[in-house]
Amino acid sequence: MWRFSARSVIRKAKVLRGLPAVNAFKFRSNGSCGSVSGTKWVIPSGFDTGLKAFNSLTKQKEPLVLAREGVATWYSCGPTVYDQAHLGHACSYVRFDIVQRILSRLFGITVIHAMVITDIDDKIIKRSLEENVSTTIISTMYEDEFKRDMLSLKVIPPVVYLRVTENVHHIVAFIERIIQNGHAYATKEGDVYFDIQSIGDRYGKFGRAVEYQGEHGSATKRDPRDFALWKHANPQEPYWDSPWGRGRPGWHIECSTIASSVFGSQLDIHSGGIDLAFPHHENEIAQSEAYHQCGQWANYFLHSGHLHLKGSPEKMSKSLKNYVTIQDFLQSYSANEFRMFCLLSKYRSGINYSDSSISEARTSLGTISTFIHDAQAYMKGQLQCSPVQEALLWERLTETKSSVMKALADDFDTPRAMSALMNLIYHANCQLHPVSECDGAARSPAVFAAMVSYIRDVLDVFGINLMHSKESDAVSPQGSLEGVVEQLTRFRTEVRAFALARQDCLTAGSLNKPGLNPERIPLLKACDTLRNNLAPLGVLIKDRGANSTWEITQRGQGVQDKDQETSS
């Protein structure tokens with residue numbers, strides 16, 4: 001399902017393309033990427049959803065206006081895969097998963113969500129040197145763990161994951177255009193830096209530019225605040241060729257490039273933890289608007305609050321060694337309990353993690369489950385009660401529905417929505433006092449059935465299914481199978497790339513013409529055989545030039561379609 005959607009998005013996505021070079025400070029306006037002066041935010045043109053969202057660009061709630069009716073384009077910063085994910089990461093991803101579910105399930109908005117996986121970075125390189133294994137092994141291992149963790153927490157996958165290492169050629173082209181547009185420069189060492197002075201007062205949309213001292217880098221930087229778009233390669237580091245020499249992308253440029261490769265010059269929503277707002281998201285904005293020559297690239301930035309261990313002012317992080325891994329958490333608690341824990345605070349608020357806060361979430365779930373059990377017993381005639389004030393309960397249910405919708409339309413206020421649900425349960429429980437003898441009065445099962453159905457529907461929107469036990473929250477065999485197929489396809493792609501490498505010149509004493517190396521043709525045939533043999537087993541691999549895609553299908557589906565290529 002998700003991979004089919006991803007291919008559709010990528011086919012329709014705007015390809016990175018060159019724009020005419022212009023002088024600094026001049027930004028074009030084109031209907032989709034408006035002209036804005038300085039750090040001022042303007043409400044976008046498009047379709048008003050009737051919702052309000054807290055926009056970090058303005059530090060207040062703003063009407064949520066989308067470029068296309070019923071569709072929200074959404075980009076999020078994914079993990080840097082050098083270690084296990086912890087609850088601080090989980091809190092942000094689960095909270096935004098809940099927001100996306102609210103948009104799609106309650107308000108009928110299709111969310112097109114793309115996420116980047118940072119699979120090359122200083123931390124990954126450091127870990128690879130410590131473990132004496134390649135960066136690819138490190139990043140692949142922890143990317144797979146991250147995806148399993150997200151599945152275990154019932155986070156809906158994005159439409160497409162994109163890795164940095166698979167987009168370096170796009171990143172190089174993106175940097176070249178920024179240089180041509182007068183907003184970046186290369187140093188003699190082979191680094192490329194963004195020229196902050198070239199955009200004047202446009203830097204500082206999140207309001208922290210004044211005290212910013214910049215990041216470490218070359219002594220030849222024009223301004224201490226200038227940040228790296230491209231880093232020259234040091235010994236023992238992975239590298240890619242570029243016009244500036246061998247090196248690798250800077251951290252900030254990867255998100256601008258990849259988001260643009262999917263969504264073009266206009267993005268509705270960008271999300272991430274509040275710690276990413278400055279300088280990461282600030283630098284993304286600078287790069288993207290310098291590339292696209294526009295004044296407002298992303299219309300809304302949504303930031304989640306930090307997760308703190310109770311009693312600690314610091315956020316949960318790997319560097320501080322004060323974290324709990326997702327896998328360790330799920331040894332004692334369920335995904336339902338963690339999602340309830342997230343629901344009881346606003347997505348953009350800081351949140352304290354402790355045994356008592358998790359117990360509060362567990363208690364809330366228990367209250368809901370007990371009510372549903374009692375209501376079902378009443379509906380079956382197993383629980384005898386005094387006559388129920390049915391009209392009052394129908395009124396409470398109607399009020400609750402209205403309150404929940406108003407709360408969620410107001411910056412996705414899940415604590416207020418949950419309070420309304422719990423209030424409904426309180427009033428319902430007041431009517432479920434058991435009696436020892438039934439006087440034969442009329443019963444009112446319909447209103448309890450309606451309440452149970454509504455509560456389950458709302459919780460299902462939030463990703464909580466009370467029918468599932470803790471054990472069923474674990475990763476399914478299907479999730480493990482997908483990881484195996486991913487690794488198999490990667491290996492096959494590398495073999496095909498080696499086999500498809502062409503002879504560009506005649507070898508000494510050989511009459512072979514330039515083209516495929518005859519000695520490698522058996523490798524291509526073996527790749528085709530593997531692809532064909534997997535298809536009847538439900539694994540459909542499709543070769544797209546030098547790259548391949550895969551999906552798990554029903555067994556027996558045809559090997560090839562109109563897009564399929566034959567290697568040999």
Compare all side-chain heavy atoms of [X] with those of [Y] and state whether any distance is below 4.5 angstrom.
X: I124; Y: Y142; answer: no
X: V192; Y: K231; answer: no
X: Y82; Y: T118; answer: no
X: E237; Y: I120; answer: no
X: W74; Y: F96; answer: yes
X: V164; Y: I117; answer: no

Say whether [X] and [Y], considering side chains only, have a donor N or O and an acceptor N or O under 3.5 Å apart.
X: S304; Y: S92; value: yes
X: S76; Y: H270; value: no
X: T140; Y: Q487; value: no
X: Y193; Y: D223; value: no
X: N336; Y: K154; value: yes

Quick one: closest heavy-atom pair of [X] and [Y], and the distance?
X: A72; Y: D268; value: CA-OD2, 3.6 Å
X: H281; Y: G272; value: CE1-CA, 4.1 Å
X: I175; Y: L229; value: CD1-O, 3.3 Å
X: T414; Y: L343; value: OG1-O, 2.8 Å
X: V324; Y: D328; value: CG1-CB, 4.4 Å
X: A233; Y: P238; value: CB-O, 4.4 Å

Could you tell me whether [X] and [Y] make a salt bridge, using a distance below 4.0 angstrom between a side-chain N and a carboxylate O?
X: R101; Y: D97; value: yes
X: R248; Y: D122; value: yes
X: D83; Y: K123; value: no
X: E289; Y: K205; value: yes

Would you confirm whether [X], through its side chain, and [Y], through its main-chain N or O, come within 3.5 Å as a donor-acceptor pair?
X: S128; Y: I125; value: yes
X: K221; Y: P224; value: yes
X: S419; Y: R416; value: no
X: T49; Y: V65; value: no
X: D413; Y: A407; value: no
X: H89; Y: H86; value: yes
X: D191; Y: A228; value: no
X: S104; Y: I109; value: no
X: E282; Y: F206; value: yes
X: D119; Y: S139; value: no

Give me each pair satisfying salt bridge (Lys or Arg N to Asp or Glu O under 4.0 Å) with a member in [range], each pair once, sequence neighbours excluded.
range: residues 161-172; result: E143-R163, R163-E166, R163-E486
range: residues 64-76; result: none
range: residues 353-362; result: E337-R362

Decide yes or no on ring pair (Phe, Tyr, Trp, His ring centres under 6.0 Å) for F227 and H252, but give the supporting numbers first. CA-CA 8 Å; F227 54 89; H252 313 298; 5.4 Å; yes
Verify ring pair (Phe, Tyr, Trp, His ring centres under 6.0 Å) between Y93 and F146, making sure each step is shown before the conclusion. CA-CA 11 Å; Y93 291 120; F146 168 77; 5.3 Å; yes
So, do [X] and [Y] have ring centers that fall under 6.0 Å from each other?
X: Y291; Y: F174; result: yes
X: W297; Y: Y75; result: no
X: F338; Y: F329; result: yes

Flag if over 12 foreign heavy atoms under 6.0 Å of NZ, K59: yes
List in chain and number order the residues that pass salt bridge (Lys or Arg N to Asp or Glu O under 4.0 Å) with [X], two or more places apart in sequence or in another chain; answer none if no residue qualifies.
X: D121; value: none
X: R95; value: none
X: K61; value: D410
X: D144; value: none

Among residues at least two apart in sequence or on other chains, which ones pass side chain to side chain contact (heavy atoms under 4.5 Å, CB included) with [X]?
X: N167; value: L162, H170, I258
X: D457; value: S453
X: S357; value: F341, S354
X: K401; value: L397, Y454

What side-chain donor-acceptor pairs closer than 3.5 Å can you find for residues 50-58, not counting sequence neighbours?
residue, atom, partner, partner atom, Å
N55, OD1, L57, N, 3.2
N55, OD1, F301, N, 3.1
N55, ND2, N299, O, 2.9
S56, OG, F301, O, 3.4
S56, OG, H303, ND1, 2.7
T58, OG1, N55, O, 3.3
T58, OG1, Q60, O, 3.4
T58, OG1, E62, OE2, 2.8

Flag this pair as yes if the NZ/CZ of K147 is under 6.0 angstrom from the six-membered ring centre of Y161 and inside a 45 degree cone about the axis; otherwise no.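 Pair K147/Y161 counts as cation-pi.
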From L408 atom CG to I102 atom CD1, the distance as rounded to the nearest 0.5 Å: 4.5 Å
Evaluate the criterion ring pair (Phe, Tyr, Trp, His ring centres under 6.0 Å) for residue pair Y300 and W41; output intermediate values, then yes/no. CA-CA 10 Å; Y300 300 88; W41 180 84; 5.7 Å; yes
